[in-house]
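Right, one structure below, let's go through it.
In what follows, chains are A, B, ... by sequence order, proteins preceding strands, each numbered from 1.
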Amino acid sequence: MAATLPRNDELAAQLELLADLSELEGESSFRVLAYRRAATRIRETGGPVAQLALEGKAKSLSGIGATIEGKIVEAIELGEMKALTKRKALVPEEVVRFMHLPGLRPKTARRIWQELGVTTLEELKVAAEGERLRALAGLGATTEAKILKALAETPQDPRESRRLLGAGLPAVLAVVSVLREHPAAVKVSEAGSVRRRRETFRDLDIIATSTDAPALIDYFTSLRWVADVVAKGDTKATVISNDGLRFDLRVVPPESYGNLLQHFTGSKEHNVALREEAVRRGFSVSEYGITTTETGEVFSAEDEEAVYAHLGYAFIPPELRENGGELAAAREGTLPALVGRADLRGDLHSHSTWSDGKATLEEMALAARELGHDYLAMCDHSQRLREGRLEKQWEQIDALNEQLAPFRILKGVEVNIRANGELDLADELLAQLDWVIASVHSSFENDPTGRVLAAMENAHVDCIGHLTGRKIGKRLPSTIAVDRVVEAALATGTFLEINSQPDRLDLRDANARLAGEAGLTLVVSSDGHSTGALGYVELGIAQARRAWLTKKQILNARPWAEIEKLRK
DNA sequence: GCCGTTTTCGGCCCGACTGTTTTCAGTCG
């Protein structure tokens with residue numbers, strides 16, 4: 001095993017900082033953009049980019065050329081890219097943070113630093129209070145006040161202000177359906193990152209067309225759960241719900257609804273790439289229409305399909321719009337037919353009151369059946385099923401299965417992978433089960449790769465649960481080598497899970513895509529601890545779609561009889 | 001610094017808003 005390589009997020013962070021510093025020093029904006037694009041590409045790549053760079057293959061990722069590949073190798077060998085070390089010495093540490101204040105982007109931050117000699121946040125505050133910033137042309141009292149206000153607020157990592165998709169998706173879908181019922185509404189859709197089903201969001205965007213825009217806006221701003229109306233005009237309004245969610249409604253003209261929905265769905269990176277390619281082909285794309293440069297003719301459309309078609313693309317599902325190769329695939333007609341929620345036949349990970357679940361076996365089974373599942377694997381935690389309790393649970397399962405047939409509760413377990421790599425349930429018990437999930441629940445940094453590889457060698461382990469152990473916003477993914485786990489999963493016939501818990505979504509999209517491309521079949525499971533939580537599979541399916549996965553690549557899109565034959 | 005079914009050099013998305021300014025640069029999404 002080689003020395004630890006820098007993780008993708010660490011490489012991306014170095015490039016982001018290099019971009020910030022370069023920008024402050026007045027470096028070419030295109031070079032800065034290249035650093036940022038490379039950072040995004042690295043963050044969204046499922047396998048270790050450092051390893052690719054060592055093999056000279058990082059250049060195959062779009063946005064990474066020979067120079068940045070060289071910088072990655074420097075980061076591996078020296079711990080830090082040389083250019084970053086050099087530039088850090090030239091720019092006072094806190095000046096970078098000027099740029100993260102609203103309204104202070106590199107140009108202004110640089111002038112405050114160089115022309116006023118301000119190098120710390122404290123000095124910035126004093127300068128603003130002393131009305132010294134307005135000495136710079138282009139800055140006035142308003143800017144000083146804005147800076148003071150931002151400095152007074154507790155500094156916050158922007159990522160922490162993002163909420164979980166699991167909290168926003170049901171809410172935005174409910175608002176969309178309420179708005180659709182209004183007599184003035186014609187078309188209503190969620191847009192933005194929530195339409196792409198990104199795992200977190202900042203605000204929830206809704207786009208609509210209407211026969212009476214002000215009436216629809218009035219209705220929206222007076223819904224009973226609205227706690228605060230932040231902004232309200234004739235075509236646009238922003239409200240905060242009583243649970244703190246921020247909704248934006250935008251009412252647009254019907255003739256260009258397709259263009260606007262496309263624009264406001266993003267992602268930014270997708271739109272930029274789409275527009276760049278359009279320019280090369282003689283078009284100019286904006287949210288209002290597609291202009292043919294030669295003739296000045298403007299094309300607008302009521303639906304998105306026509307927008308993509310006009311530019312020569314097949315329709316691209318929102319989940320794929322991240323500039324991850326979807327444009328080329330849509331042009332060539334090779335986009336995958338993505339798996340959908342309706343394809344699921346059952347759920348292969350759930351809990352009941354036999355361990356830490358909130359509902360009984362029967363309640364869980366009935367709820368699963370209600371969701372349209374044909375089977376539900378009951379996988380209570382192994383620690384709670386010792387001393388004959390597992391066998392007792394089987395008796396109850398057998399009885400229920402007689403009642404509920406053809407619906408079937410599968411006898412399963414979520415067995416713990418201990419710190420030493422052993423499983424905490426005996427093989428002779430595991431052998432009698434329909435479905436065995438093995439998961440790491442503690443000592444995440446204690447050789448997670450080795451422990452999981454060992455668990456996969458066990459002939460009774462069908463699936464590894466929540467592989468990286470991350471909790472979005474709370475706990476980083478472990479240092480587990482996902483690529484090596486995927487290889488071993490293929491070799492041993494073990495499946496990997498996309499855990500649908502809103503704060504897990506583990507495997508995440510990029511890792512699941514890597515696994516799918518390697519030829520692995522994945523499981524989308526709820527890990528539900530209550531009847532309501534069984535519905536989380538919608539989130540897992542969304543991540544599977546973001547991972548470019550088809551129905552064939554999802555194990556539990558098959559009937560149980562088929563799955564049984566595919567077990568090792 | 002990256003990239004190429006017109007380019008290995010010469011480009012690099014588009015429009016709205018803001019603050020400060022008589023015509024625009026910088027920022028934002």
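Note on ring orientation: taking the six-membered ring where Trp is involved, the planes of A:Trp225 and A:Phe247 are tilted (angle from 30° to 60°).
In this structure, NZ of A:Lys82 is placed 18 Å from C1' of B:dG1, rounded to the nearest angstrom. A:Leu61 places its CG atom 15 Å from the C1' atom of B:dG1, with the value rounded to the nearest Å. We find that CG of A:Asn323 is positioned 11 Å from P of B:dC3, with the value rounded to whole Å. With rounding to whole Å, A:Phe264 atom CZ is found 13 Å from B:dG15 atom P. For the pair A:Lys236 NZ and B:dG15 P, the interatomic distance rounds to 17 Å; values are reported in whole Å. A:Leu21 has its CG atom 14 Å from the P atom of B:dG1, to the nearest Å. When rounded to the nearest whole Å, the span between CD of A:Glu23 and C1' of B:dG1 equals 14 Å. At whole-Å resolution of the value, NE2 in A:His270 and P in B:dC14 are 15 Å apart.
Taking a cutoff of 4.0 Å between a charged side-chain nitrogen and a carboxylate oxygen, A:Glu322 and A:Arg546 qualify as a salt bridge. A salt bridge links A:Glu276 with A:Arg37: at least one charged nitrogen is closer than 4.0 Å to a carboxylate oxygen. Under a 4.0 Å N-O distance rule, the pair A:Glu287/A:Arg250 does not qualify as a salt bridge. Taking 4.0 Å as the cut-off between side-chain N and carboxylate O, A:Glu190 and A:Arg197 count as a salt-bridged pair. A salt bridge links A:Glu23 and A:Arg105; the closest N-O separation between the charged side-chain nitrogens and carboxylate oxygens is under 4.0 Å. Ionic pairing of A:Asp20 and A:Arg36 is present here: one or more N-O contacts between side-chain nitrogen and carboxylate oxygen are shorter than 4.0 angstrom. One finds a salt bridge joining A:Glu304 and A:Arg195 here, because a Lys/Arg side-chain nitrogen approaches an Asp/Glu carboxylate oxygen to under 4.0 Å.
Distance noted for atom C1' between B:dC12 and B:dT7: 13 Å (whole Å). Here the separation of B:dC3 from B:dG15, taken at their C1' atoms, is 25 Å to the nearest Å. Atom C1' of B:dT21 sits at a distance of 15 Å from the matching atom of B:dC17, rounded to the whole Å. Separating the C1' atom of B:dC13 from that of B:dG29 is a span of 12 Å, rounded to the nearest Å. Taking the C1' atom of each, B:dT8 and B:dG1 are spaced 14 Å apart, rounded to whole Å. Going from the C1' atom of B:dC9 to that of B:dC14 covers 25 Å, rounded to whole Å.
Mapping A:Val32 and A:Phe283 onto DNA chain B by nearest heavy atom places A:Val32 closer to the 5' end of the strand.
Because its glycosidic torsion is within 90° of 0, B:dT7 is reported here as syn.
Within the 4.5 Å cutoff, the side chain of A:Asn323 has no heavy atoms near those of the A:Glu44 side chain.
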With B for base contact, S for sugar-phosphate-only contact and - for none (protein heavy atoms under 4.0 Å), nucleotides 4-13 of chain B reads --B-----BB
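A close approach under 4.0 Å does occur between a side-chain nitrogen or oxygen of A:Thr67 and OP1 or OP2 of B:dC2.
The line from CG of A:Leu549 to CD of A:Glu319 is 11.5 Å long, rounded to the nearest 0.5 Å.
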Polar pairs (N or O, both sides) under 3.5 Å between protein and nucleotides 21-28 of chain B?
{"residue": "B:dG26", "atom": "O3'", "partner": "A:Thr108", "partner atom": "OG1", "Å": "3.4"}
{"residue": "B:dT27", "atom": "OP1", "partner": "A:Arg105", "partner atom": "N", "Å": "2.8"}
{"residue": "B:dT27", "atom": "OP1", "partner": "A:Arg105", "partner atom": "O", "Å": "2.8"}
{"residue": "B:dT27", "atom": "OP1", "partner": "A:Thr108", "partner atom": "N", "Å": "3.4"}
{"residue": "B:dT27", "atom": "OP1", "partner": "A:Thr108", "partner atom": "OG1", "Å": "2.9"}
{"residue": "B:dC28", "atom": "OP1", "partner": "A:Gly103", "partner atom": "N", "Å": "2.7"}

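Closest approach to the A:Thr143 side chain among B:dG15, B:dG1, B:dT20 is made by B:dT20 (side chain taken as heavy atoms from C-beta onward).
In this structure, B:dT8 forms no base pair with any nucleotide, since neither Watson-Crick nor G-U wobble geometry is met with both distances under 3.5 Å.
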